Amino acid sequence: YIKKVEAMANSMLDNIVDRFRNDFPKMREQDVTLMVLSIANFNAPAISLFLDINPNLVHSRKYKLKVRILNSDSIYKDEYLSYLPDNARR
């Protein structure tokens, strides 16, 4: 199912997931999945089901992902960050 969501995001958003994977080649697959589901606007409870984690951890995982993107030199980082809410917390 995740691969279908990823394919849809790529087709609708100029290969955003492919660009993300290229910009972060050492990113864990679970973090790429978090990004894919965030792009698709899934909420924290749904994301927690896909990642098999406690729903309370989703926000902290998004925060860590956001920090990693912020500290990168990707030319697409503003686009990536637009899919991660400001309310993601530690």
Side-chain angles (χ1 to χ4, degrees):
Y1 185 77
I2 297 297
K3 289 296 179 188
K4 288 183 180 184
V5 175
E6 182 175 331
M8 285 175 41
N10 273 331
S11 68
M12 295 173 65
L13 298 169
D14 195 29
N15 294 312
I16 189 170
V17 181
D18 291 343
R19 289 185 279 125
F20 185 79
R21 286 180 184 280
N22 187 55
D23 288 347
F24 301 95
K26 295 182 180 180
M27 183 77 65
R28 294 180 319 149
E29 190 60 31
Q30 195 172 50
D31 290 328
V32 174
T33 299
L34 174 61
M35 188 65 191
V36 168
L37 296 174
S38 295
I39 290 168
N41 204 27
F42 280 70
N43 63 21
I47 291 172
S48 72
L49 291 173
F50 282 105
L51 297 182
D52 193 28
I53 62 173
N54 185 305
N56 296 326
L57 294 177
V58 173
H59 295 293
S60 65
R61 295 281 301 276
K62 281 187 175 186
Y63 175 82
K64 290 176 185 176
L65 181 58
K66 184 176 182 177
V67 169
R68 187 161 179 194
I69 294 168
L70 277 168
N71 291 328
S72 76
D73 58 1
S74 170
I75 63 172
Y76 302 109
K77 73 175 155 184
D78 289 338
E79 181 182 8
Y80 302 147
L81 291 170
S82 73
Y83 294 101
L84 297 170
D86 288 336
N87 64 348
R89 57 186 180 273
R90 291 181 201 181

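Computed from a prediction, not measured in an experiment: that's the story for all the values here. For the numbers below, each heavy atom of this structure counts, side chains included, while hydrogens, waters and symmetry mates do not.
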Original post:
Looking only at side chains, do D23 and Y80 share a donor and an acceptor under 3.5 Å apart?
Top reply: yes
Original post:
Quick one: do V32 and M8 end up in the same hydrophobic cluster if we chain Ile, Leu, Val, Met, Phe, Trp and Tyr together by side-chain heavy atoms under 4.5 Å apart?
Top reply: no
**OP:** Flag the pair L37 / Y83 as yes when at least one side-chain heavy-atom distance between them is below 4.5 Å, and no otherwise.
**Re:** no
Original post:
So, for E6 and D18, which heavy atoms are closest and what is the spacing to 0.1 Å?
Top reply: OE2-OD1, 4.5 Å
**OP:** Please report the closest heavy-atom contact between L57 and I53, naming both atoms and the distance.
**Re:** CB-CD1, 4.1 Å
Subject >> Atom pair CG/CD1 of L84 and I69 - distance to nearest 0.5 Å >> reply: 5.0 Å
Original post:
How many angstroms lie between atom CD of Q30 and atom CD1 of I2, to the nearest 0.5 angstrom?
Top reply: 10.5 Å
Original post:
Are D31 and M35 close enough that some pair of their side-chain heavy atoms sits under 4.5 Å apart?
Top reply: no
Original post:
With the 4.5 Å side-chain cut-off for hydrophobic clustering, are I16 and M12 part of the same group?
Top reply: yes
**OP:** Decide yes or no for I47 and S38: does some side-chain heavy atom of the first lie under 4.5 Å from some side-chain heavy atom of the second?
**Re:** yes
Subject >> N22 side chain reached by R19 side chain, heavy atoms, under 4.5 Å >> reply: no
Subject >> Rounded distance (nearest 0.5 Å) linking atom CZ of F42 with atom OG of S48 >> reply: 12.0 Å
Original post:
Taking C-beta and beyond as the side chain, do K66 and L81 meet within less than 4.5 Å on heavy atoms?
Top reply: yes
Original post:
Got a sec: does the CG of N54 have more than 12 other heavy atoms crowding it under 6.0 Å?
Top reply: yes
Original post:
Relative to the ring of Y1, is the ring of F50 parallel (under 30°), tilted (30 to 60°) or perpendicular (over 60°)?
Top reply: parallel
Original post:
CZ/F24 to NZ/K77 distance, rounded to the nearest 0.5 angstrom?
Top reply: 8.5 Å
**OP:** Flag the pair V17 / R21 as yes when at least one side-chain heavy-atom distance between them is below 4.5 Å, and no otherwise.
**Re:** yes
Subject >> Nearest-0.5 Å distance that lies between atom CZ in R28 and atom CG in L34 >> reply: 9.5 Å
**OP:** Indicate yes or no: at least one non-hydrogen side-chain atom of L51 is less than 4.5 angstrom from one of V58.
**Re:** no
